*Asks:* 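Input: one structure, supplied below.
Remember, it's a predicted structure, so these values are computed and weren't measured experimentally. Sequence positions, counted from 1, serve as the residue numbers for this chain. Read the numbers this way: they start at 1 and go in the same order the structure lists the ligands and their atoms.
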Amino acid sequence: MLSDSQVKEFRATGHLTVPDVLRPDQVAAALDDINHWGDEFLENLADDQKRWYLEQKGQATALRKLDNPAFHRQIFQQLATSENVVAMVEQLIGPGVCVFFSQVFCKPPEVGGPKPVHQDNFYFGPDTLDATLTVWIALDTATVQNGCLFYGNGSNLGPVRPHVAPEDEPFNLQVAPEHLDIYQMTPAPVPSGGISFHHGNTWHQSSSNTSDHARRAVAFHYLRSDARLVKPALEYDETVLVRIT
Ligand SMILES: O=C(O)CCC(=O)C(=O)O
């Protein structure tokens with residue numbers, strides 16, 4: 001459970017770091033599963049999907065992400081629906097939640113590129129802005145050098161701003177350049193096995209991985225069950241929704 005001061009910090013800044021949620025053996029099992037799943041996924045990846053799922057730098061290519069681990073992989077489903085994680089989520093956005101989308105971010109060493117500043121609620125388009133929450137779990141310790149998240153403190157209290165995307169990457173939505181100086185972005189390093197929670201409106205980004213170690217993380221995106229995604233910018237497949245009973 002979160003303390004009152006942790007909840008207060010989340011409400012004021014839009015994010016909260018909680019170390020030591022997963023044990024080292026749980027982290028190791030999750031990483032092992034990602035390795036197996038990643039190999040299978042790469043073997044079957046169609047050419048028209050490569051731009052979205054692969055990172056490329058010079059001659060090097062590596063897997064960037066995997067979608068919906070909470071639906072497809074038992075180990076991640078157990079984690080996303082575990083009593084302690086759900087209890088913390090419900091303290092932050094209220095009771096009755098589901099996981100409507102989830103992602104593994106691989107951020108491979110040297111090849112892993114930046115994710116520009118964005119707000120999850122621009123992507124998700126919920127009817128209630130306070131009803132979405134991302135639980136971002138560091139599997140490798142996330143540092144400034146390997147590409148930890150950066151947050152705009154207090155941006156959860158502001159509106160969802162217009163986003164734009166590069167012409168050749170329509171899925172890579174980011175806060176429009178004319179708004180970018182509103183918040184200063186500050187790093188939020190997380191030790192392996194820790195969680196960084198963020199509100200759906202909170203501005204966040206990550207930079208390139210300039211280290212020689214991967215920065216792997218899993219993000220579970222929760223929605224309070226009385227809310228709906230009424231104006232999503234991308235498509236979210238309702239058949240992969242994970243209910244929590
Ligand atoms: O892990 C990253 O680099 C990006 C994560 C992100 O944007 C999110 O979890 O909403």
*Asks:* Measure the distance from atom 5 (C) of ligand 1 to every protein heavy atom, then report the residue, atom name and distance (to 0.1 Å) of the closest one.
*Replies:* Phe105 CE1, 3.5 Å

*Asks:* Side chains of His198 and Tyr151 only: does a donor on one sit below 3.5 Å from an acceptor on the other?
*Replies:* yes

*Asks:* Students often mix this up, so state it plainly: with edges at 30° and 60°, are the rings of Phe171 and Trp52 parallel, tilted or perpendicular?
*Replies:* tilted

*Asks:* Any luck finding a side-chain donor-acceptor pair between Asn209 and Ser211 under 3.5 Å?
*Replies:* yes

*Asks:* Using a distance-only test with no angle check, is there a side-chain donor-acceptor pair under 3.5 angstrom linking His221 and Gln103?
*Replies:* yes

*Asks:* Tell me whether His204 has any N or O atom under 3.5 angstrom from an N or O of ligand 1.
*Replies:* yes

*Asks:* Below 4.5 Å, heavy atoms only, C-beta onward: do Ile244 and Tyr222 meet side chain to side chain?
*Replies:* yes

*Asks:* Distance to 0.1 Å, residue and atom name: give those for the protein heavy atom nearest to atom 4 (C) of ligand 1.
*Replies:* Leu149 CD2, 3.9 Å

*Asks:* Do Lys115 and ligand 1 have an N or O pair less than 3.5 Å apart?
*Replies:* no

*Asks:* Could you tell me, atom by atom, which parts of ligand 1 come under 4.0 Å of a heavy atom of Arg215?
*Replies:* 1 (O), 2 (C), 3 (O)

*Asks:* If only side-chain N and O atoms count, and only distance matters, is there a donor-acceptor pair under 3.5 Å linking Asp120 with His199?
*Replies:* no

*Asks:* Which of the atoms of ligand 1 are close to Asp120, meaning less than 4.0 Å from one of its heavy atoms?
*Replies:* 10 (O)

*Asks:* Measure the distance from atom 9 (O) of ligand 1 to every protein heavy atom, then report the residue, atom name and distance (to 0.1 Å) of the closest one.
*Replies:* Trp136 CD1, 3.4 Å

*Asks:* Ligand 1 versus Gln119, non-hydrogen atoms closer than 4.0 Å: side chain, backbone, both, neither?
*Replies:* neither

*Asks:* Which one holds for His118 and ligand 1: side chain close, backbone close, both close, or neither close, with close meaning a heavy atom under 4.0 Å?
*Replies:* side chain

*Asks:* Without hydrogens or angle criteria, can the side chains of Ser208 and Thr210 be said to hold a donor-acceptor pair below 3.5 Å?
*Replies:* no

*Asks:* Thr134 to ligand 1: N or O pair under 3.5 Å?
*Replies:* no

*Asks:* Using heavy atoms and a 4.0 Å limit, tell me yes or no: is Gln205 in contact with ligand 1?
*Replies:* no

*Asks:* Please determine if Arg224 and Asp130 form a salt bridge, counting it only when a charged side-chain N lies under 4.0 Å from a carboxylate O.
*Replies:* no

*Asks:* Between Asp140 and Arg216, does any NZ, NE, NH1 or NH2 come within less than 4.0 Å of an OD or OE carboxylate oxygen?
*Replies:* yes

*Asks:* To check your reading of the model: name the closest protein heavy atom to atom 3 (O) of ligand 1, its residue, and the distance in Å.
*Replies:* Ser206 OG, 2.6 Å

*Asks:* Within the 4.0 Å heavy-atom shell around Ala219, which atoms of ligand 1 are there?
*Replies:* 9 (O)

